[in-house]
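To keep things clear, I will list the structure first and then write my remarks on it.
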Amino acid sequence: MCIRTVMTYACPVFAHADPKALHRLQVVQNKFCRAATDAHWCVRNFILHRDLELPTISKYMKDASKRFFDIAGSHPNALLRAAVDYQPPPPTHYIRRPRNVLFDPPDALTAAVDSLNDVNDTHD
């Protein structure tokens with residue numbers, strides 16, 4: 001948990017960074033999960049995340065960005081509220097803004113963890 005706070009510092013701002021950079025952060029988290037649980041090499045990463053109830057880096061950043069923009073939207077500072085209230089550009093536009101991460105589809109690992117959690121919830 002201490003490492004994640006350092007890795008995801010200011011994540012609402014850079015949550016829409018290059019997917020390769022986010023993948024590198026996910027690799028670091030996977031290695032720490034594997035070391036903390038002393039899991040065998042053949043245990044898949046999405047199984048580790050499911051068992052530890054730990055969201056992937058992209059899901060964590062997406063949730064943190066949502067919380068940030070929800071809080072900033074009701075902030076008393078008018079400049080901060082104005083920065084939050086903008087219309088996202090069309091999907092074909094080349095400029096990506098931090099709030100666009102809320103509309104991006106989940107990556108493959110996040111989708112696998114979510115589907116396993118949904119299956120577990122239906123069997124409980």
Side-chain angles (χ1 to χ4, degrees):
M1 288 296 137
C2 296
I3 301 298
R4 176 185 275 179
T5 56
V6 172
M7 287 185 350
T8 58
Y9 175 75
C11 67
V13 176
F14 71 86
H16 204 70
D18 181 27
K20 188 173 183 178
L22 294 179
H23 178 72
R24 288 180 185 152
L25 291 175
Q26 185 61 52
V27 167
V28 172
Q29 179 173 316
N30 293 343
K31 287 181 180 180
F32 274 102
C33 289
R34 195 166 296 281
T37 58
D38 196 29
H40 200 259
W41 63 269
C42 63
V43 177
R44 295 191 180 267
N45 290 326
F46 64 87
I47 301 292
L48 285 175
H49 281 80
R50 182 200 61 191
D51 292 346
L52 294 174
E53 296 178 0
L54 187 68
T56 60
I57 290 290
S58 61
K59 181 163 176 45
Y60 179 82
M61 287 185 170
K62 192 172 192 175
D63 293 344
S65 296
K66 182 169 177 14
R67 284 191 309 272
F68 171 77
F69 285 113
D70 288 345
I71 291 169
S74 61
H75 198 273
N77 186 338
L79 291 175
L80 187 57
R81 280 194 316 270
V84 172
D85 297 331
Y86 72 90
Q87 297 298 323
T92 57
H93 199 265
Y94 65 93
I95 296 177
R96 302 298 293 176
R97 297 193 61 184
R99 191 175 176 122
N100 289 357
V101 74
L102 301 178
F103 306 112
D104 287 344
D107 61 343
L109 180 62
T110 303
V113 172
D114 288 344
S115 67
L116 281 176
N117 287 337
D118 291 342
V119 168
N120 286 343
D121 290 343
T122 58
H123 290 329
D124 288 342

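Numbering of residues begins at 1 and proceeds along the displayed sequence. Keep in mind the model is a prediction, meaning the values are calculated, not measured.
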Other cluster members, L116 - Ile/Leu/Val/Met/Phe/Trp/Tyr, side-chain contacts below 4.5 Å: V43, F46, I47, L48, L109, V113
Residues clustered with W41, ILVMFWY side-chain links under 4.5 angstrom: none
Short N-O contact, D70 and K66, less than 4.0 angstrom: yes
Side chains of V27 and H23 in contact at under 4.5 Å (non-hydrogen atoms): yes
Pairwise side-chain contact, Q29 with L54, heavy-atom cut-off 4.5 Å (strictly under): yes
Hydrophobic cluster (4.5 angstrom, side-chain heavy atoms) - remaining members for I71: none
Side-chain touch H49/Q26, heavy atoms, less than 4.5 angstrom: yes
Check against side chain to side chain contact (heavy atoms under 4.5 Å, CB included), K62 and T110: CA-CA 11 Å; K62 192 172 192 175; T110 303; over 6 Å; no
Connected-component partners of Y60 among ILVMFWY, side-chain separation under 4.5 Å: none
Under the side-chain contact (heavy atoms from CB on, under 4.5 Å) test, residues paired with D38 that sit two or more places apart: none
Counterpart residues, side-chain hydrogen bond (donor to acceptor under 3.5 Å, both in side chains), relative to R34 (two or more places apart): N45
Full working for salt bridge (Lys or Arg N to Asp or Glu O under 4.0 Å) between R67 and D63: CA-CA 6 Å; R67 284 191 309 272; D63 293 344; 5.4 Å; no
Approximate separation, where rounding is to 0.5 Å, of N30 CG and T56 OG1: 9.0 Å
